[in-house]
Peer 1: 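Take a look at this one; I'll ask things after.
All values below come from the heavy atoms of this structure, side chains included, with hydrogens, waters and symmetry mates left out. A, B, ... follow the sequence lines: proteins, then strands. Residue 1 opens every chain.
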Amino acid sequence: MSTTFRFTINGKARSVQTDAERPLLEVLREDLGLTGVKYGCGEGQCRACTVLLDGKPVTSCLTPVSAAAGKKVVTIEGLAAGDRLHALQQAFVDEGAMQCGYCVPGMILTAAALLERNPRPTETQIIDAMNGNLCRCCGYPRILAAVRRAAQGGENA
Amino acid sequence: MPDEMEGFEPERYELREPPVHEFALSRREFVEVAGAGLLISVSGVTAWAQRGRGRETSTSGTLESRLHIAEDGMVTLLTGKVEVGQGSRTELAMAAAEEMRLPLERVRVVMADTDLTPNDGASSGSRTTPSTVPAVRSAAAAARELLLEAASRQWQMERGRIEVRDGAAIDPGSNRRFGYPELARSAELAAAFKQALPAGAAVTPVKEWRVLGTPHYRLDGRDIVTGAHRFPSDIQRNEMLYGSVLRPPSYGATLVAADLSAAKKMPGVTAVREGSFVGCAAPTSFAARKAVAAIAATAQWETREHPSSERLFTYLKERAVKEGGDTRRPRVQRKGSVEEGLAQSTRRLRAVYQVPYIQHAPMEPRGAVAEWEGGRLTVWTGTQNPLNARGQLAQAFHLAPEKVRVIVPDTGGAFGGKHTGECAIEAARLAREAGRPVSLRWTRAEEFMWAYFRPAGLFEVEAGLDAEGLITAWDFTNYNAGTAGMETPYRIPHTRTRFLYSDSPLREGSYRGIAATANHFARECCMDELAGAAGKDPLEFRLANLDNARLKDVLLEAAKRFRWQERRKQRRPGMGLGLACGTEKGSYVAACVEVEANRGKGYLRVREISMAFECGAILNPANLRAQVEGAIIQGLGGALTEEIEFENGKLNNGSFAKYPVPRFRDVPPMEIALVNRPDLPPVGAGETPIVVVAPAIANAVFDATGVRARSMPVRVKASTS
Ligand code: FES
Ligand code: FES
């Protein structure tokens with residue numbers, strides 16, 4: 001039951017022919033080699049699999065590929081402008097906001113969507129937006145510091 | 001044979017089990033392993049040696065096994081350690097850069113590749129800092145000596161007049177340089193690198209450190225934030241398939257029958273059953289899961305009775321091994337006579353504590369990619385013990401260990417939960433069947449149910465106090481939890497400390513801090529009860545019963561930061577203060593916490609934590625702080641919410657939805673004092689800070705509610721009266 005789906009991924013038009021029920025997560029990873037998108041639970045609880053769908057963060061593990069058809073998908077691989085890191089990516093590096101780093105792509109994309117709609121979030125707004133993202137290394141304090149830093153235009157809070 | 005044994009082995013829960021499967025040989029492999037005998041194995045070994053393989057045996061103990069200097073001056077450090085987020089990659093690079101007088105950017109670290117890297121043991125037990133850092137430092141210091149030696153020969157100049165800095169030997173008079181690129185091109189280097197590591201090259205004293213002791217973040221941070229880093233489950237090979245494995249419906253269930261025919265008819269699917277192993281490989285994970293689901297629909301299982309978590313602690317006590325063979329005899333350590341100590345006491349106290357199973361739940365579940373090529377197996381997998389995984393693979397497939405290469409890409413978390421190679425074995429079996437590389441990544445549900453757990457434990461403590469509030473006797477019995485951190489650090493004349501094995505209903509193994517968390521929970525909660533019985537402040541009571549200066553120091557430091565004494569005087573309704581301290585793996589820790597607890601509402605929240613931690617000379621303060629923060633927050637999970645529930649051989653809460661772990665909102669304000677002791681050798685730091693979190697909280701809950709919390713996780717039950 002293969003169908004062809006077309007979408008824009010990280011700014012490029014792509015199409016895949018596949019089963020409509022497959023999770024977007026697996027199509028991105030297995031068919032398109034975008035392994036920056038991470039599996040953490042498959043149940044919508046950890047958001048390691050976050051991608052931006054038309055600018056909104058979604059859990060790609062629970063999003064069937066068919067739901068992405070015709071839309072713009074941004075994965076962690078598409079966030080930097082060439083060699084120039086996105087402000088959040090730079091802030092995560094500058095704050096050392098990673099231990100194993102497995103949760104980081106999902107964290108950055110969730111935060112990117114937040115800063116897009118609210119460039120100057122309060123501490124509570126950041127925590128509310130990020131609370132769905134798990135970090136089992138429990139590096140939350142530095143991740144918060146990184147988001148704060150990016151929101152303040154690269155300055156340490 | 002006595003029914004008890006004196007002394008504890010340091011770590012009981014290094015999981016030692018045979019591989020999960022052992023497979024028959026295929027005809028072709030049989031000829032290679034057994035039939036052709038010597039000839040092939042001899043030529044095989046030679047061939048690997050020529051290709052730089054089999055370093056572990058052929059070059060161990062040489063500089064070459066540890067360091068490589070390229071002609072452009074880039075240094076490659078080789079280590080069998082793995083990076084799972086604990087910061088070992090950066091720490092070891094810093095150690096090499098320090099001793100070689102190189103900028104950190106000039107050191108690259110190749111980790112955990114059984115064909116390339118030396119045997120540095122497993123990445124567990126906080127051993128990287130006390131064992132591998134010194135090994136790397138002496139090798140790097142030896143390389144620096146070679147540089148100095150070569151420069152002195154070249155310039156005909158005394159060594160003492162030459163300086164080594166900025167990656168080169170420098171003649172301060174003329175400013176001429178002889179650097180590592182020059183050394184790399186010299187014939188002496190090649191020869192020297194083949195020789196046994198020269199002993200005695202002096203490592204740099206702490207006060208002269210320029211790289212060590214300064215803060216550094218992950219060296220490959222850029223690859224992490226761009227998604228470029230490939231974790232084990234991200235490795236992709238040409239023609240690779242994805243796997244899925246049929247799991248039993250419950251613990252102990254055995255497969256009676258399964259029909260693979262429907263799965264085999266699906267396009268591109270390879271299905272295999274051998275013994276209890278059933279799995280499928282397919283062009284996508286989705287197709288592999290569908291194929292396994294088709295088999296599962298036909299599978300018949302024979303199930304077995306399995307105890308439920310409801311009865312866990314009764315079960316552990318009933319099954320405790322009172323006498324046993326060499327391996328399962330009770331372990332005991334005695335000082336004086338507990339009977340005498342109790343007889344001298346004016347007050348006695350008895351209490352029972354419980355610690356349940358918990359799951360590591362690393363963010364990246366077990367993952368492996370397996371590839372066969374000419375009878376050789378290569379596996380990329382996330383394991384803390386690549387040599388153990390290699391051994392398991394070799395045994396499972398009847399291969400000589402040298403025919404198995406295990407590579408561990410920096411992995412998405414472990415916390416002691418990835419000492420094994422089961423996922424790699426499964427991937428390799430599928431890859432052999434399919435004749436193509438196979439990637440297998442466990443689902444979160446599989447990781448919850450089929451990985452191993454931190455051991456549960458039951459504790460019985462009896463203690464006696466004299467009229468001055470000094471402890472006269474301490475009788476401590478631990479069922480099943482393990483021996484780490486079990487001995488009391490307090491000054492007590494009469495003690496008996498016992499560990500009893502039991503039959504664990506669940507597969508158990510290591511965990512960050514392992515048994516030290518359970519042992520500290522029981523001990524430090526009991527210390528609080530004793531302080532209460534003595535009518536003393538918990539801090540003063542501990543100090544009065546303590547001689548250990550390092551432990552006292554952290555206790556006082558945490559209390560000072562927290563303003564313990566003042567805050568004890570300003571009581572606030574609904575709020576409680578608690579503290580705990582301890583030592584494990586050579587480091588010392590203390591924490592003070594404030595909780596808000598309301599029995600009417602069954603409400604508990606940690607408002608603030610202050611911790612002091614001391615682990616000798618600090619190697620990388622940035623990473624140390626991250627490790628301490630992570631340990632505290634991860635410890636909040638075990639302290640407040642995490643508890644595996646099982647019934648009829650199934651988990652009741654094997655998902656993140658049902659097994660809450662700490663999130664952003666759960667992080668309280670934290671104050672962390674890193675006590676630096678440049679005069680003391682550095683020891684590991686990733687584990688010990690976790691051990692005091694739960695008892696400090698339990699003690700604070702008592703302070704707030706007047707009711708003792710003697711089980712982990714600590715809960716405030718809504719009062720029913
Ligand atoms: S993998 Fe999608 S939410 Fe966890
Ligand atoms: S850094 Fe390891 S899960 Fe977040």
Side-chain angles (χ1 to χ4, degrees), chain A residues 18-19 21-23 26-27 29-31 33-46 48 75-80 85-86 88-105 108 126-128 130-144, chain B residues 83-87 215-218 220-231 233-236 242 283-287 360-365 410-415 441 443-445 622-623 626-627 629-634 636-637 655-657 661-667 670:
Chain A
T18 193
D19 195 310
E21 292 165 53
R22 279 179 70 204
E26 291 176 8
V27 174
R29 290 175 54 87
E30 298 173 9
D31 301 26
L34 296 168
T35 53
V37 192
K38 304 296 184 214
Y39 170 94
C41 68
E43 46 165 335
Q45 289 290 327
C46 76
T75 73
I76 194 70
E77 289 91 342
L79 208 57
L85 296 179
H86 182 281
L88 274 158
Q89 291 173 312
Q90 190 61 54
F92 271 65
V93 171
D94 293 343
E95 291 287 341
M98 62 196 73
Q99 290 186 28
C100 78
Y102 194 81
C103 67
V104 165
I108 290 181
I126 299 176
I127 290 175
D128 286 349
M130 306 290 293
N131 200 54
N133 289 67
L134 278 182
C135 173
R136 284 297 291 141
C137 299
C138 297
Y140 298 118
R142 292 204 185 174
I143 296 172
L144 279 180
Chain B
E83 173 63 65
V84 291
Q86 81 282 38
H216 289 280
Y217 294 144
R218 248 188 107 125
D220 56 347
R222 195 180 170 99
D223 287 348
I224 297 288
V225 301
T226 55
H229 171 65
R230 299 245 172 182
F231 292 87
S233 53
D234 298 333
I235 299 292
Q236 295 185 331
Y242 293 87
T284 66
S285 307
F286 184 75
H360 315 76
M363 210 64 242
E364 179 184 38
D410 292 7
T411 295
F415 319 117
R441 196 242 322 112
T443 63
R444 179 55 59 190
N623 187 57
Q627 286 300 308
E629 285 173 354
I632 293 174
I633 299 168
Q634 192 164 58
L636 289 174
S655 70
F656 280 138
V661 292
R663 291 179 179 274
F664 280 96
R665 276 197 198 117
D666 304 315
V667 180
M670 297 188 287

Peer 1: Can you check whether B:Thr284's main-chain N or O pairs, donor with acceptor, with A:Glu30's side chain at less than 3.5 Å?
Peer 2: no
Peer 1: Of all of A:Pro141, A:Cys135, A:Gly139, which one pairs up most often with chain B through heavy atoms under 4.5 Å apart?
Peer 2: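 Highest number of pairs under 4.5 Å: A:Pro141.
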Peer 1: Could you tell me which of A:Leu34, A:Asn131, A:Ile76 has the largest number of non-hydrogen atom pairs under 4.5 Å with chain B?
Peer 2: A:Asn131
Peer 1: Should A:Glu26 and B:Tyr242 count as side-chain neighbours, where that means a heavy-atom distance under 4.5 Å?
Peer 2: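 A side-chain contact under 4.5 Å is absent here.
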Peer 1: If you compare all heavy atoms of A:Gly101 against all heavy atoms of B:Phe231, which two are closest, and at what distance to 0.1 Å?
Peer 2: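 Looking at all heavy atoms of both residues, the shortest contact is C-CZ, 3.7 Å.
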Peer 1: Between B:Gln86, B:Arg230, B:Arg441, which has the largest tally of heavy atom pairs under 4.5 Å with chain A?
Peer 2: B:Arg441
Peer 1: Do B:Ser233 and A:Tyr102 have side-chain heavy atoms sitting under 4.5 Å apart?
Peer 2: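 Answer yes - side chains close enough.
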Peer 1: Select, from B:His229, B:Gln627, B:Arg663, the one with the greatest count of heavy-atom pairs under 4.5 Å involving chain A.
Peer 2: B:Arg663
Peer 1: Judged by atom type as modelled, is there a donor-acceptor pair below 3.5 Å linking the side chain of B:Arg218 to the main-chain atoms of A:Cys100?
Peer 2: yes
Peer 1: Tell me, side chain or backbone of B:Thr411 under 4.5 Å from chain A's heavy atoms, or both, or neither?
Peer 2: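 B:Thr411 touches chain A through backbone heavy atoms alone.
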Peer 1: Considering non-hydrogen atoms only, spot the tightest contact between A:Pro105 and B:Ile224 and give its length.
Peer 2: CG-O, 4.3 Å
Peer 1: Can you confirm whether the side chains of B:Gln236 and A:Thr35 place a donor and an acceptor under 3.5 Å from each other?
Peer 2: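 No, no side-chain donor-acceptor contact under 3.5 Å.
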Peer 1: Measuring only between side-chain heavy atoms, which start at C-beta, is A:Arg29 closer than 4.5 Å to B:Asp234?
Peer 2: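 When only atoms from C-beta onward are counted, B:Asp234 and A:Arg29 do touch, with a gap below 4.5 Å.
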Peer 1: Let's test your reading of the structure: which of B:Gly413, B:Ala631, B:Ala361, B:Pro365 forms the most heavy-atom pairs below 4.5 Å with chain A?
Peer 2: B:Ala361
Peer 1: Between A:Val93 and chain B, with a heavy-atom cut-off of 4.5 Å, which part of the residue counts as in contact: side chain, backbone, both or neither?
Peer 2: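 Both parts, backbone and side chain.
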Peer 1: My understanding is that only residues two or more places apart in sequence, or in another chain, count here; which of them pass side chain to side chain donor-acceptor pair (under 3.5 Å) with B:Thr443?
Peer 2: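 Expected list: B:Glu446.
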Peer 1: For the pair A:Tyr140 (side chain) and B:Ile633 (backbone), establish whether a donor and an acceptor sit closer than 3.5 Å, ignoring hydrogens and angles.
Peer 2: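 Not a single qualifying donor-acceptor pair exists.
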Peer 1: So which part of B:Glu364 gets closer than 4.5 Å to some heavy atom of chain A, the side chain, the backbone, both or neither?
Peer 2: both
Peer 1: Sort A:Glu43 into side chain, backbone, both or neither according to what part of it lies under 4.5 angstrom from a heavy atom of chain B.
Peer 2: side chain
Peer 1: Quick one: of B:Ala445, B:Gly412, B:Ala287, who has the most non-hydrogen atom pairs under 4.5 Å with chain A?
Peer 2: B:Gly412
Peer 1: Could you tell me whether a side-chain N or O of A:Arg136 sits under 3.5 Å from a main-chain N or O of B:His360, the two making a donor and an acceptor?
Peer 2: yes
Peer 1: Can you tell me which portion of B:Pro362 sits under 4.5 Å from chain A's heavy atoms? Options are side chain, backbone, both or neither.
Peer 2: backbone
Peer 1: Flag the pair B:Tyr217 / A:Met98 as yes when at least one side-chain heavy-atom distance between them is below 4.5 Å, and no otherwise.
Peer 2: no
Peer 1: Using non-hydrogen atoms and a 4.5 Å limit, figure out which bit of B:Val667 sits close to chain A: side chain, backbone, both or neither.
Peer 2: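 For B:Val667, side-chain heavy atoms alone lie under 4.5 Å from chain A.
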Peer 1: Looking only at heavy atoms, which two atoms of B:Arg444 and A:Tyr39 are closest? And how far apart?
Peer 2: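 Nearest heavy atoms, B:Arg444 then A:Tyr39: N-OH, 2.7 Å.
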Peer 1: Applying side-chain contact (heavy atoms from CB on, under 4.5 Å) to B:Met363 and A:Gln99, what does each step give before you reach the verdict?
Peer 2: CA-CA 11 Å; B:Met363 210 64 242; A:Gln99 290 186 28; over 6 Å; no
Peer 1: Counting heavy-atom pairs under 4.5 Å with chain A, which one of B:Gly227, B:Gly221, B:Ser285 comes out on top?
Peer 2: B:Ser285
Peer 1: Select one option (side chain, backbone, both, neither) describing which atoms of A:Leu79 are under 4.5 Å from chain B's heavy atoms.
Peer 2: neither
Peer 1: So, taking the atom named CG in B:Asp666 and the one named CD1 in A:Ile127, what distance separates them when rounded to the nearest 0.5 Å?
Peer 2: 10.0 Å
Peer 1: Side-chain contact, heavy-atom cut-off 4.5 Å: A:Ile143 with B:Phe664?
Peer 2: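 Of all side-chain heavy-atom pairs linking B:Phe664 with A:Ile143, at least one is under 4.5 Å.
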Peer 1: How would you list, by chain and number, every residue that makes a salt bridge (Lys or Arg N to Asp or Glu O under 4.0 Å) with A:Asp128, sequence neighbours excluded?
Peer 2: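 A:Asp128: salt bridge (Lys or Arg N to Asp or Glu O under 4.0 Å) contacts with B:Arg665.
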Peer 1: Grab the two heavy atoms, one from A:Gly40 and one from B:Phe656, that are nearest each other, plus how far apart they are.
Peer 2: O-CE1, 3.9 Å
